[in-house]
Amino acid sequence: MITLTLPDGSTREVAKGTTSLQVAQSISEGLARNVLSAEVNGEVIDATRPIEADATLKLLTWNDDSGKSTLWHSSAHLMAEALEAHYPGIKLAIGPPIENGFYYDVDFGDVEFSQADFAKVEKTMLELARQKSEYIRKEVSKADAIHFFREKGDQYKLELIDGLEDGQITFYSQGNFTDLCRGPHIPNTGFIKAAKLLNVAGAYWRGDEKNKMLTRVYAITFPKQSELEDYLKLLEEARKRDHRKLGKELGLFAFSQKVGSGLPLWLPKGTDLRMRLTAFLTDAQKKMGYLQVITPHIGSKELYETSGHWEKYGKDSFQPISTPQEGEMYMLKPMNCPHHCEIFKTEPRSYRDLPLRLAEFGTVYRYEQTGELHGLTRVRGFTQDDAHIFCTVDQVKEEVGKVIDLVLYIFKTLDFPDFLAQVSLRDPGNPSKYIGSDANWEAAERGIQEVATEKGLKTVVEYGEAAFYGPKLDFMVRDAIGRRWQLGTVQVDYNLPERFELEYTGADNQKHRPVMIHRAPFGSMERFVAILIEHCAGQFPLWLTPEQVKILPVSEKYNDYAQSVAKSLISYDIRALVDERNEKVGKKIRDAELEKVPYMLIVGEEEQGAGTVSARKKGEGDIGSLAIADFANKVNEEIKAMLSAQ
RNA sequence: GCCGUUGUAGCUCAGGGGUAGAGCACUUCCUUGGUAAGGAAGAGGUCACGGGUUCAAUUCCCGUCAACGGCUCCA
């Protein structure tokens, strides 16, 4: 007998060689029907594999990420089987699970595979799934593995096997299909109840552009048909929220081929929104002791030689600007830090001056690859909500903590309740990769982790993800429909203070090198606005939205009264406009709803006579008639409640 | 940068070797209205750009640019 410890701490005595699936069956048939794989001593394995010794056991279902991955991994094999049925002779490369579904890289030879072919493959997958073919694991010798794929004529698998050690090679088979695979897999194909091919795209074999381009087929499967339907609805919802679409519809920003790709043009409404965000953050930063600075959009090439960026990024950047003066060169600034370092150096600094927090909404230019540009999330000219905190090593922890406070305040006010912090530390196996003393690194790494815990952040630690110049902390938010985005970032930097020879006089009257902390809660205004648009589906919070109130006269006879209402609201700091068009009120309401204006005020004979407005809330409808001042106060109360979030 | 797809009116899109069409938006007129689309008329296009084939190209071919879906990249 062996002892298995379950996640709740309870134990079960079972015969040696019992499978996880059998354990599930002993708990309940229902559970057994849902078990996709199992985590045994922390390793995810087939639920059908015998357990030979005492172990901790977690049964994995669709509710576990690892369970999902197992189903999708098995589905990749199923899709490969279906593809082979339709296209005999295709060569298969790799087929892993991904965050949402899975893909298989396939060499279709001369055959064209396109969206039109998806349906038949899906149909075959489901037919095969219904056969409930078991996934059978088999350990094979390297020689046998090579023999198998040589027979099959699949050079990609042979190349993969080449990199594997004899004795560690396993095959998995289901139905008539056998694949080289480490596993794990679900017990049988019957668990797959719904399948959808999503997309095809080119991808290089092993991600190397010197290699052959394969066809990557993206797909997703589910253990229930209804889950697929929910997922398709989510995709549809994501399409509706796409900031590129909403940005155009709501008149926020645009691009012009003539201006240049990746260079956004902020339209009046988008500018209004952005400036309001800027003011919001400026105000919060002022309260936290930041000093606002402004630096030029260009800097001499020498500045970037000092910073080291010329050497590293120079040839992939917008090229230097030359001047009538022979040999003089300037660069569009790709970041603000070097300028801020020079501000630090404008006067001798004492430890009493630290921390010095220099903030700037700094516009920078980076020559991103053409294929990378994407709406507002990846552009060539953008404005960082940047700041650099110059402090002593001892102050790092406290300063990082203050940045966390600022970010939490922003998330709260802008309604991002679901987020986590990723702490990126050194790769312990490769200490020579990093600049700065061990002692400093250790203090900062420990400080960041401690303060993240103290602030109650949900944290994940990634080793080896730190930049060469210092550890960092990034915030990952989940938006309203569950997608993850990387937002604010905090980075400790030992490198630039060194390169710019920054120093301050300590209490000991000796020169010391400050530490620099880069931080940008939004990342960039462009990217943040994009995420915000998708998060709130274009329905911005009342305090932020460009047009808060639209006044809709019932007929042109009341346009004058409507204008006087608008004027009155503006005196209350409310952004109001009149729809003076010669249209019926139903039409004006419809248009205001589509423009996502939070409040509509209908005015006609009755309101004009009484000096009132008939209010209507977007999405809710008529909320009754009230005096202008009462309405204005109501709106301002609502805004005050939003901004006082702490 | 690489692979694939696309580029027709402000927007969404149809069409197709003989120089263009719909709906919405826009302008004007009729209507002067009460909580998600009133009616009529009008205006609007070098069919992305450059080259080629052709009697003739928006349509076919090549190239460029851009957008989109991926890959690689991201100070």
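Below, chains carry the letters A, B, ... as their sequence lines are ordered, and counting in each starts from 1.
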For [N] and [M], measure between their [atom1] atoms and round to the nearest Å.
N: B/C61; M: B/A22; atom1: P; result: 28 Å
N: B/G42; M: B/C24; atom1: P; result: 15 Å
N: B/G51; M: B/G16; atom1: P; result: 27 Å
N: B/A56; M: B/C60; atom1: C1'; result: 13 Å
N: B/U58; M: B/G45; atom1: C1'; result: 11 Å
N: B/A57; M: B/C47; atom1: C1'; result: 11 Å
N: B/G21; M: B/A43; atom1: P; result: 13 Å
N: B/G38; M: B/G44; atom1: P; result: 26 Å

Which part of the nucleic acid, if any, lies within contact of [X], taking any heavy atom under 4.0 Å across all strands shown: a base, the sugar-phosphate backbone alone, or nothing?
X: A/Tyr218; result: sugar-phosphate
X: A/Arg378; result: base
X: A/Ser261; result: sugar-phosphate
X: A/Glu249; result: nothing
X: A/Asn199; result: sugar-phosphate
X: A/Arg616; result: base
X: A/Val554; result: base
X: A/Gln491; result: nothing
X: A/Gly586; result: sugar-phosphate
X: A/Lys248; result: sugar-phosphate

Side-chain N or O of [X] closer than 4.0 Å to phosphate OP1/OP2 of [N]:
X: A/Arg581; N: B/G38; value: no
X: A/Lys587; N: B/A25; value: yes
X: A/Tyr365; N: B/A75; value: no
X: A/Arg244; N: B/C68; value: yes
X: A/His374; N: B/A67; value: no

We want to know whether [X] and [Y] form a side-chain donor-acceptor pair, criterion being a heavy-atom distance below 3.5 angstrom.
X: A/Ser614; Y: A/Ser625; value: no
X: A/Glu580; Y: A/Tyr558; value: no
X: A/Asp105; Y: A/Trp205; value: no

When the distance from [atom1] of [X] to [atom2] of [N] is rounded to whole Å, what number comes out?
X: A/Gln257; N: B/A67; atom1: CD; atom2: P; value: 7 Å
X: A/Phe118; N: B/G4; atom1: CZ; atom2: C1'; value: 12 Å
X: A/Ile98; N: B/G70; atom1: CD1; atom2: P; value: 10 Å
X: A/Glu583; N: B/U27; atom1: CD; atom2: C1'; value: 12 Å
X: A/Arg380; N: B/A66; atom1: CZ; atom2: P; value: 7 Å
X: A/Arg216; N: B/G70; atom1: CZ; atom2: P; value: 11 Å
X: A/Asn100; N: B/G70; atom1: CG; atom2: C1'; value: 15 Å
X: A/Asp242; N: B/C11; atom1: CG; atom2: P; value: 16 Å

Checklist entry - Ring stacking, A/Tyr313 with base of B/A75, under 5.5 Å and under 30°? => result yes

Next on the checklist: Tell me whether A/Glu556 is salt-bridged to A/Arg581, with the criterion being a basic N under 4.0 Å from an acidic carboxylate O.
Outcome noted: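 No salt bridge links A/Glu556 with A/Arg581.
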
Next on the checklist: For A/Trp266 and A/Phe253, take the angle between the two ring planes, folded into 0 to 90°, and tell me which bin it lands in: parallel under 30, tilted 30 to 60, perpendicular over 60.
Outcome noted: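 The rings of A/Trp266 and A/Phe253 sit tilted, inter-plane angle from 30° to 60°.
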
Checklist entry - What about the rings of A/Tyr469 and A/Tyr434, do their centers lie closer together than 6.0 Å? => result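 Centroid separation for A/Tyr469 and A/Tyr434: 6.0 Å or greater.
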
Listed pairs, N/O of protein and of nucleotides 28-31 of chain B, under 3.5 Å:
residue	atom	partner	partner atom	Å
B/C30	N4	A/Asn582	ND2	3.3
B/U31	N3	A/Asn582	OD1	3.4
B/U31	N3	A/Asn582	ND2	3.3
B/U31	O4	A/Asn582	ND2	2.4

Checklist entry - Start at the 5' end of RNA chain B and walk down; is the nucleotide closest to A/Phe255 or to A/Glu593 reached first? => result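 Result: A/Glu593.
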
Checklist entry - If you pin A/Gly621 and A/Gln369 to their nearest nucleotides in RNA chain B, which one's is more 5'? => result A/Gln369

Item to check | Face-on cation placement of A/Arg380 at A/Tyr367 ring, 6.0 Å and 45° thresholds | outcome: yes

Checklist outcome for this item: Applying the Watson-Crick and G-U criteria (both distances under 3.5 angstrom) with [ ] for crossing and | for other-strand pairs, one obtains for RNA chain B (((((((..((((....[..)))).(((((.......))))).....(((((..]....))))))))))))....

Checklist entry - Counting side-chain heavy atoms from C-beta on, which of B/A66, B/G69, B/U35 comes nearest to A/Thr370? => result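 Closest nucleotide to the A/Thr370 side chain: B/A66.
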
Checklist entry - Nearest to the side chain of A/Lys557, which nucleotide is it out of B/G33, B/G38, B/A75? => result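 Nearest nucleotide to the side chain: B/G33.
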
Item to check | Test side chain to side chain contact (heavy atoms under 4.5 Å, CB included) applied to A/His340 and A/Leu356, A/Ile389, A/Thr295, A/Leu496, the passing residue | outcome: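 Among A/Leu356, A/Ile389, A/Thr295, A/Leu496, the one that satisfies the side chain to side chain contact (heavy atoms under 4.5 Å, CB included) with A/His340 is A/Thr295.
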
Checklist entry - So among A/Lys248, A/Arg527, A/His374, which one has a side chain to side chain contact (heavy atoms under 4.5 Å, CB included) with A/His243? => result A/His374

Next on the checklist: So, applying side-chain hydrogen bond (donor to acceptor under 3.5 Å, both in side chains) with A/Arg357, which one of A/Glu399, A/Gln285, A/His388 is it?
Outcome noted: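 Only match with A/Arg357 under side-chain hydrogen bond (donor to acceptor under 3.5 Å, both in side chains): A/Glu399.
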
Checklist outcome for this item: Given the options A/Phe361, A/Phe522, A/Phe475, A/Phe528 meets ring pair (Phe, Tyr, Trp, His ring centres under 6.0 Å) only with A/Phe522

Item to check | Side chain A/Glu445, main chain A/Arg426, donor-acceptor under 3.5 Å | outcome: yes

Checklist entry - Is there a donor and acceptor pair closer than 3.5 Å between the side chain of A/Glu607 and the base of B/G34? => result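 Pair found.
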
Item to check | Validation row: A/Asp427, A/Tyr463 side chains within 4.5 angstrom (heavy atoms) | outcome: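 Side-chain contact under 4.5 Å: no.
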
